[in-house]
Amino acid sequence: MNILLIEDELSLAESAIAQMTNRGHNVLYAKDLLSANSIIEREHPGIKLILADHNLPDGMGIDFVIAMKEAYPEVNSAIVSGCLTDQDIKRLDLLKIPYFRKPLLYGKVLDHMRRLRAEKAASRPSFPAQGKSEES
């Protein structure tokens, strides 16, 4: 799976990238929102998950993730941060955007996001196949 990781702390980014690539994922890395926007524009159809830190040098990860959720509802996203406020958490809960507190293992984040994706797929209505009915 192609994952966009937005993290301004290089040592944390390196650790996260190693954990996710060891699980077979391709990680596209952005150190700020400007870089993340550039990657989205270039790679959008292939990105399946966005993991964003909250406090970034050029803005807030939550605002970016909310904008991406509106623009690309098929792309899953989550916030990974050590400094979420109660107000941030209420906002994320209201919009059903998962969040994780640092420090953490990114494998656990991926496992959680995989479960959410499976639940989302299972809850989609299924439509009968088009064609002749049994009455024809």
Side-chain angles (χ1 to χ4, degrees):
M1 167 172 46
N2 289 330
I3 300 169
L4 171 57
L5 173 67
I6 311 166
E7 172 60 63
D8 61 325
E9 294 182 48
L10 186 57
S11 62
L12 292 177
E14 288 172 343
S15 174
I17 291 167
Q19 290 175 48
M20 292 186 282
T21 56
N22 284 340
R23 287 179 145 225
H25 300 287
N26 180 45
V27 180
L28 305 163
Y29 170 65
K31 64 179 178 166
D32 55 32
L33 298 177
L34 182 64
S35 301
N37 272 317
S38 178
I39 291 170
I40 288 284
E41 288 174 12
R42 189 177 64 245
E43 304 284 342
H44 161 256
I47 295 173
K48 302 301 179 200
L49 175 62
I50 298 170
L51 298 176
D53 188 9
H54 178 44
N55 288 328
L56 294 159
D58 57 350
M60 299 298 185
I62 289 175
D63 296 331
F64 180 83
V65 164
I66 291 169
M68 292 300 104
K69 184 176 179 166
E70 290 172 5
Y72 309 108
E74 74 282 3
V75 178
N76 293 306
S77 58
I79 295 293
V80 181
S81 178
C83 60
L84 293 172
T85 66
D86 289 342
Q87 184 178 356
D88 295 330
I89 291 169
K90 285 179 186 175
R91 221 172 138 197
L92 292 167
D93 285 344
L94 180 66
L95 296 168
K96 296 185 172 142
I97 296 172
Y99 56 90
F100 303 88
R101 292 195 183 270
K102 293 177 189 173
L104 73 146
L105 295 174
Y106 278 80
K108 292 188 182 276
V109 174
L110 295 177
D111 291 343
H112 181 81
M113 296 305 293
R114 186 177 301 115
R115 281 192 302 277
L116 285 178
R117 200 169 47 251
E119 289 170 10
K120 193 177 186 181
S123 69
R124 287 187 191 128
S126 59
F127 298 99
Q130 300 252 339
K132 290 186 175 182
S133 67
E134 292 180 359
E135 297 174 26
S136 310

If the condition is side chain to side chain donor-acceptor pair (under 3.5 Å), which residues does [X] pass it with, not counting sequence neighbours?
X	result
Asn55	none
Thr85	Asp88
Asn2	Asn26

Test of understanding: with side-chain contact (heavy atoms from CB on, under 4.5 Å), list the residues that count as partners of [X], not counting sequence neighbours.
X	value
Thr21	Ile17, Val27
Ala13	Leu5, Glu7, Tyr29
Ser35	Ala30, Lys31, Asp32
Arg101	Leu84, Ile89

ask   = Under the salt bridge (charged side-chain N to carboxylate O under 4.0 Å, His left out) rule, what pairs show up with a residue in residues 52-66, not counting sequence neighbours?
value = Asp53-Lys102, Asp63-Arg91
request  = Kindly indicate whether the side chain of Arg117, heavy atoms from C-beta on, has any atom under 4.5 Å from the side chain of Met1.
outcome  = yes
message = Tell me if the CG atom of Asp86 is crowded by more than 12 foreign heavy atoms within 6.0 Å.
response = no
ask   = Leu4 and Leu51: side chain to side chain contact (heavy atoms under 4.5 Å, CB included), yes or no, with the steps?
value = CA-CA 6 Å; Leu4 171 57; Leu51 298 176; over 6 Å; no
task = Check each of Ile62, Leu92, Ile6 against His54 using the side-chain contact (heavy atoms from CB on, under 4.5 Å) test, and report the only one that passes.
result = Ile62
Residues 65-82 side chain polar contacts: donor-acceptor under 3.5 Å, at least two apart:
unit_1	atom_1	unit_2	atom_2	d
Lys69	NZ	Leu95	O	2.3
Glu74	OE2	His44	NE2	2.7
Ser81	OG	Cys83	N	3.1

ask   = Are Leu49 and Leu116 connected, step by step, through hydrophobic side chains (Ile, Leu, Val, Met, Phe, Trp, Tyr) whose heavy atoms are closer than 4.5 Å?
value = yes
inquiry  = Please determine whether residues Leu28 and Ile3 belong to a single hydrophobic cluster, defined as Ile, Leu, Val, Met, Phe, Trp and Tyr linked transitively by side-chain heavy-atom distances below 4.5 Å.
reply    = no
query = salt bridge (Lys or Arg N to Asp or Glu O under 4.0 Å) with Asp111: which residues, sequence neighbours excluded?
reply = Arg23, Arg114
key: Pair listing, ring pair (Phe, Tyr, Trp, His ring centres under 6.0 Å) test, anchored in residues 74-117, at least two apart   = Phe100-His112
inquiry  = Please give me the minimum heavy-atom distance between Gly107 and Gln19, naming the atom from each residue.
reply    = N-OE1, 3.8 Å
message = Under the criterion side chain to side chain contact (heavy atoms under 4.5 Å, CB included), I'd like the reasoning laid out for Phe64 against Leu56: C-alpha separation, chi angles, the key distance, then a yes or no.
response = CA-CA 10 Å; Phe64 180 83; Leu56 294 159; over 6 Å; no
